[in-house]
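A short write-up of the structure that comes next.
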Number of protein chains: 2
Amino acid sequence: MPKEATIINNNRLIKLLKQNGLSITDSRKKILQLFLEQDGALSHGDIEKRAGEKFDRVTVYRTLQVFVDKGIVHTIPTADNSIRYALCKDECGEGHHHDHHIHFVCDTCNTTYCLDDVVTPEIKLPKGYSAGHVEVVVEGVCKNCQ
Amino acid sequence: MPKEATIINNNRLIKLLKQNGLSITDSRKKILQLFLEQDGALSHGDIEKRAGEKFDRVTVYRTLQVFVDKGIVHTIPTADNSIRYALCKDECGEGHHHDHHIHFVCDTCNTTYCLDDVVTPEIKLPKGYSAGHVEVVVEGVCKNCQ
DNA sequence: TAGAAAAAAGCAACATTGTTGCAAAAGATA
DNA sequence: TATCTTTTGCAACAATGTTGCTTTTTTCTA
């Protein structure tokens, strides 16, 4: 493993946590790193069972909660009762998420992607309903599984 | 309670179950009735704790599974790890769901609605991705809570 | 409509997932 | 480095799903 890359990565992790007013701890760095080195989204279980790392379940729950609160990651609803988490872009911060992109779940490899370039469409609601957040999840076959 | 309405309802329940090749049982009729007399969607917990009825948890799980398999109800993903179930329209059947409508979750009363008249939009995906099903969940304030 | 065969319900035991309080450990601060 | 604050990890618990098996209910057919 390249030592330099690890150091750079470590600085990036620390910077990200500090930016969000969080204290620097091993668990937070390790979990954040999982997200950074990962293309798709992660579920709680993914993180907990991550090879080589033994995270306490409670720590994972609490860390993810903090990350969501601070706008570092956002949640992605799924139809199988397993919330996925993915890194937010810069516009997100404490108390306000701005996730206007759609999510994509691959039927084949089951990876969940944030398609940051695809903006959620305007939805015309029936009279009486007022819209807040719009969540779009597309299920299909991803670029790696075609 | 009007007796006639109950009888009519009962016939409707039996018809619905028979149409889908299911045997007529008390649990199935009661759970199906909950959906019919309900505007929004129901979670597993909603059904299990329904006042006046004591359903065995296993029965509820198995019944919902059968209903989903037969295309009687469909699932609605949520961001809080609690799958909601709602009645399908006629076009759904065994092995194929055709839910092209969007779903709406009210922030205030937390009810989940199927907005059958609002069709899911076309989503333009990046190169390499092919779309199957598109799920849209809008969160906001419903007609009853304005 | 009774009796046999098939299907479903109910129960118990278990597995997984999520929550809470608290003591110990680690991080921040001066 | 000493002290204060925050976070972690543990234990105990609660809630949610799952599985196998026995009993009950439904269906089918004579």
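Each chain gets a letter, A, B and so on, in the order the sequences are listed, and its residues count up from 1.
By the 30° and 60° cut-offs, the orientation of the rings of B:Phe104 relative to B:Tyr113 is tilted.
Residue A:Arg62 places a side-chain atom within donor-acceptor reach of the base of D:dG9, judged by atom type and a 3.5 Å distance cut-off alone.
We find that CD1 of B:Ile24 is positioned 11 Å from P of C:dA9, with the value rounded to whole Å. Between the CG atom of B:Leu22 and the P atom of D:dT25 there is a distance of 19 Å, given to the nearest Å. Rounded to whole Å, atom P of C:dA8 lies 9 Å from atom NZ of B:Lys70. For B:Glu48 and C:dC11, the CD to C1' distance is 14 Å, given to the nearest whole Å. Nucleotide C:dG27 holds its P atom 12 Å from the CG atom of A:Leu17, rounded to whole Å. Whole-Å rounding puts the A:Lys18 NZ to C:dA28 P distance at 7 Å. If you measure from atom NE2 of A:His44 to atom C1' of D:dT16, you get 14 Å, rounded to the nearest angstrom. The distance from atom CD1 of B:Ile47 to atom C1' of D:dG17 is 15 Å, rounded to the nearest whole Å.
With distances taken from any side-chain atom of A:Tyr61 to the nucleotides C:dG18, C:dA8, D:dT8, the minimum falls on C:dG18. Listed nucleotides: C:dA9, D:dT8, C:dC11. Nearest to the side chain of B:Asp56: C:dC11.
Open room surrounds CD on A:Glu122; 12 or fewer heavy atoms of other groups in view lie less than 6.0 Å from it. Few gaps surround NZ on A:Lys143; more than 12 heavy atoms of other groups in view lie less than 6.0 Å from it.
Looking at heavy atoms from C-beta onward, A:Leu22 lies in side-chain contact with A:Ile72 at the 4.5 angstrom threshold.
A close approach under 4.0 Å does not occur between any side-chain nitrogen or oxygen of B:Ser23 and OP1 or OP2 of D:dT27. Phosphate proximity of C:dT17 to A:Arg57: absent, as no side-chain N or O sits under 4.0 Å from OP1 or OP2. Regarding contacts with the backbone of C:dA9, a side-chain N or O of B:Thr25 is found under 4.0 angstrom from either OP1 or OP2.
Of the possible donor and acceptor atoms, none in the side chain of B:Glu48 sits under 3.5 Å from a partner among the backbone N and O of B:Arg57.
When each of B:Ile83 and A:Phe55 is assigned the nucleotide of DNA chain D bearing its nearest heavy atom, the one mapping closer to the 5' terminus is A:Phe55.
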